[in-house]
Amino acid sequence: MTPEELSAAISASLHQAVDAGELTVPADKVPANVRVERPKSREHGDWATSVALQLAKPTGLAPRAVAEILAARLAKIDGVAKVDIAGPGFLNITVDTAAAGALAKAIVEAGSTFGRNDSMAGSKINLEFVSANPTGPIHLGGTRWAAVGDSLARIFQAQGAEVTREYYFNDHGNQIDRFARSLLASARGEAAPEDGYGGDYIAEIKDRVLAIEPGILELDEEQAQERFRAVGVDLMFADIKKSLHDFNVDFDVYFHEDSLHKDGAVNGLLERLKKSGHLYFHDGAWWLKSTDFGDDKDRVVIKSDGNAAYIAGDIAYFSNKRDRGFDLSITMLGADHHGYVARLKAGAAGLGHDPAMIEVLIGQMVNLVKDGKPVRMSKRAGTVVTMEDLVDQVGTDAARYSLSRFSSDSNIDIDLDVLTKKSNENPVFYVQYAHARTKAVDRNAEAAGVDRSAFDASLLSHATESELLAQLGAFPTVVADAAKFREPHRVARHLEVIAGSYHRWYDACRVTPQGEEPITDVNRTRLWLNDATGQVLANGLDLLGVSAPDRM
RNA sequence: GCGUGAGUAGCUCAGCAGGAUAGAGCGUCCCUCUCCUAAAGGGAAGGUCGCGGGUUCGAAUCCCGCCUCGCGCACCA
């Protein structure tokens, strides 16, 4: 019996009590689903719920009176062994050992599908993340979104959604021109332009461009810069793709901003906007009346020099996504872009789109720390720590895990020295080790002749088994919540809880008998639980894009 | 100034869809491998949940105010 099943059964009991006239509750006050929690203290049973407390007010009854009515019905639920009323009106539920233990077999039989469901089936989601400018390698901030974004995509997919991972490639505009000028300056042995880029990678890209186009410096200024731009951006972008691939993140679509301008999408969009009445002409520029949609000021869409402002491309881009049939466009941005949310939604609304279809997830910054002091990362100064640097030092698994186990609302500080030195203490190893351990137990069980020919759930009666089963049972809900709240870190945190429960069980309960002890159904049944744990850990690590090694 | 995110153990952070005695990892101090992986487990120490009000049976969690820190507030992208 999983907490979900228990919750559903309690809900049903609640409705029966209402139908039977034992409780009088306004329809809108009946909780849609009853929250079932694992109590902190063992004495409080296997599961607890505070519905009775919540229903006290709407029913006009004392909390304990509500609890008593519900307790009588809950006790009849199949698999419930005992129901106690405690404190102000908590319902503490003890589940029948066999009912709880049945989960072990169910998980093994579900295999990689355990934790998946089809609650988001039919929804087409465009998830855009990273989208770093191709003017340099992906730095730590982008690395964070690569880890979190890809995990979120996996989590959505686990809920049955159809997800397109998309990278918006800003290959149009000033930044790119600066990048090209920086390459050209480097090729001529000049210092980087004032507003250009100066990292070591510039010289490296420059060399590669020269190798591809040896005659490039013979061209006139404008042509040379154009070739450096075209070839340089391609090289940079290839590097970015490779870094991402090595990071176990592969995008379905790399969308080029430039294409929106070349194929006339931006111009077409501007014409549509002008007709929509959401644009007005002022001071030589065309403004979007974004204040009508909650922005704090109106935004220029066509500059007085006649060029489209950046936002024009973004609105056209959203329109493009919409045309490709997505029901939901999620964009992940760093906190340094959060001021952009309102105008983006305003732009879409101006085109008649439902702003609810655009969701912008803002993630806080990642800072580089050295010797306890923050180090400013600057692309110009070349002091960036890149995705490649991080992976080289700690590996993909540790890098991805350590970036995705935090809430995106938190700023995170990365101290490369600490991360490297303490890599063995990274929680990822704790979780991976638990998985490897389940495999080791498997190997030993097989060698000793313990097989899965018997399963008697009632034998999983040790306190550590009850705890482990409970945490395994919570996994699907955790994944569903991670999808609902767009918070992949919930999965990582729960895996840590499962790993801890498993390690404690391992210490308390043997699968393979020692010495001359006979093999019994206890051993065989425990093997199922061991395998179930390995399966859940593997499923969870997969959602994070982290490997689940068989040996460590 | 306005907007926005954060402030919880020595450190890094969970918990924030209100619930019982506030958690984990790391660090510190004890203890546990002749027996399935000790990258583990058990125990100890460590807290005015930034501050002050409010809401209610109950607040780290919700509301208001204040303080501190990050980020943003272009006809740049």
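Labels below follow one simple rule: chain letters A, B, ... track the order of the sequence lines, proteins then strands, and each chain is numbered from 1.
The minimum heavy-atom distance between A:E487 and A:L152, with the atom names listed, is N-CD1, 4.4 Å. In this structure, A:W145 and A:F129 approach most closely via the heavy-atom pair O-CD1, 3.2 Å. Scanning both residues, A:G149 and A:M332, for their nearest heavy atoms gives CA-SD, 3.5 Å.
Side-chain atoms of A:P88 lie closest to B:rG19 of the nucleotides B:rA77, B:rG19, B:rU37. Ranking B:rG19, B:rC71, B:rG41 by closeness to the A:D336 side chain, first place goes to B:rC71. Of the candidates B:rU37, B:rU21, B:rC75, B:rC75 carries the atom nearest the A:W287 side chain, counting heavy atoms from C-beta on. Side-chain atoms of A:R443 lie closest to B:rU37 of the nucleotides B:rU21, B:rC73, B:rU37. The nucleotide whose nearest atom lies closest to any side-chain atom of A:A309 is, among B:rA20, B:rA77, B:rA39, B:rA77. For A:H503, whose side chain is taken as the heavy atoms from C-beta onward, the closest listed nucleotide among B:rA40, B:rG19, B:rG15 is B:rA40. Nearest nucleotide to the A:R493 side chain, out of B:rA20, B:rA77, B:rA14: B:rA14. If you check B:rG41, B:rU56, B:rC71 against the side chain of A:R504, the one that comes closest is B:rG41. Counting only heavy atoms from C-beta on, A:R551 has its side chain closest to B:rU37 among B:rG70, B:rU37, B:rA20. Listed candidates were B:rA40, B:rG70, B:rA77. Nearest to the side chain of A:R437 is B:rA40.
Between A:F179 and A:Y197, the two ring planes are perpendicular [angle over 60°; tilted spans 30° to 60°]. The aromatic rings of A:Y254 and A:Y167 sit tilted relative to each other, their planes meeting at an angle between 30° and 60°.
Side-chain nitrogen and oxygen atoms of A:H338 include none within less than 4.0 Å of the OP1 or OP2 phosphate oxygen of B:rC73. Between A:S410 and the phosphate of B:rA14, there is a side-chain N or O to OP1/OP2 separation shorter than 4.0 Å. Residue A:Y430 has no polar side-chain atom (N or O) positioned under 4.0 Å from OP1 or OP2 of B:rA24. For B:rA77, neither phosphate oxygen OP1 nor OP2 lies less than 4.0 angstrom from any side-chain nitrogen or oxygen of A:Y310. Within the 4.0 Å cut-off from OP1 or OP2 of B:rA77, not a single side-chain nitrogen or oxygen of A:Y317 is found. A close approach under 4.0 Å does not occur between any side-chain nitrogen or oxygen of A:R299 and OP1 or OP2 of B:rA74.
B:rU61 and B:rG43 have their P atoms separated by 30 Å, given to the nearest Å. Taking atom C1' on both B:rC13 and B:rA22, the two are 14 Å apart, rounded to the nearest angstrom. Of the C1' atoms belonging to B:rG18 and B:rC2, the separation is 31 Å, rounded to the nearest Å. Taking atom C1' in both B:rG52 and B:rC57, the straight-line distance is 24 Å, to the nearest Å. Going from the P atom of B:rA24 to that of B:rC62 covers 23 Å, rounded to whole Å. Between B:rA44 and B:rA60, the two P atoms lie 24 Å apart (nearest whole Å). Straight-line distance between the P atoms of B:rC16 and B:rC75: roughly 40 Å, to the nearest whole Å. For B:rG25 and B:rG41, the P atoms lie 7 Å apart once the distance is rounded to whole Å.
Atom CG in A:D171 sits roughly 12 Å away from atom C1' in B:rA77 (whole-Å rounding). Protein atom CD1 of A:I362 is 13 Å distant from nucleotide atom P of B:rA6, rounded to whole Å. The interatomic distance linking A:I414 (CD1) with B:rC26 (C1') rounds to 15 Å, in whole Å. If you measure from atom CD of A:Q471 to atom P of B:rA24, you get 13 Å, rounded to the nearest angstrom. Look at CH2 on A:W47: it is 16 Å from P on B:rA20, rounded to the nearest Å. Rounded to a whole Å, the CG atom of A:L403 is 14 Å from the C1' atom of B:rU12. Per the geometry, CD belonging to A:E37 stands 17 Å off P belonging to B:rU61, to the nearest Å. With rounding to whole Å, A:R490 atom CZ is found 16 Å from B:rG23 atom C1'.
Sequence order on RNA chain B of the closest nucleotides to A:S304 and A:F406 puts A:F406 first from the 5' end. Each of A:R510 and A:H282 was matched to the nucleotide of RNA chain B holding its nearest heavy atom; the match closer to the 5' end belongs to A:R510.
Taking the side chain as every heavy atom from C-beta outward, A:H435 and A:M552 never approach each other to under 4.5 Å.
Side-chain contact check for A:D397 and A:S547: at least one donor-acceptor pair (N or O, by modelled atom type) lies under 3.5 Å.
Taking the syn range as angles within 90° of 0, the glycosidic angle of B:rC26 is outside it, so the base is anti.
Nucleotide B:rU34 forms no Watson-Crick or G-U wobble pair with any nucleotide shown, as no partner meets the under 3.5 Å limit on both distances. Partner assigned to B:rA20 is none, using Watson-Crick or G-U wobble distances below 3.5 angstrom. For B:rC2, the paired nucleotide is B:rG72, the pair qualifying as Watson-Crick or G-U wobble because both relevant distances are below 3.5 Å. Across all strands shown, nothing is found opposite B:rU55 as a Watson-Crick or G-U wobble partner with both distances under 3.5 Å. Under the Watson-Crick or G-U wobble criterion, with both distances below 3.5 Å, B:rG10 is paired with B:rC26. Judged by Watson-Crick or G-U wobble contacts below 3.5 Å, the nucleotide B:rC66 has B:rG50 as its partner.
Here A:H489 does not lie in a stacked arrangement on the base of B:rA14, lacking the combination of planes under 30° and ring centres under 5.5 Å apart.
Across all strands, A:E496 comes closer than 4.0 Å to no nucleic acid atom at all (heavy-atom distances). A:D550 comes within 4.0 angstrom of a base, heavy atoms only.
A:Y433 contributes a side-chain N or O that forms a donor-acceptor pair with the base of B:rU37 under 3.5 Å.
The cationic group of A:R299 does not satisfy the cation-pi geometry with A:W287, failing either the under 6.0 Å distance to the six-membered ring centre or the 45° limit from the ring axis.
The one candidate from A:L183, A:I176, A:D258 that meets the side chain to side chain contact (heavy atoms under 4.5 Å, CB included) condition with A:V233 is A:I176.
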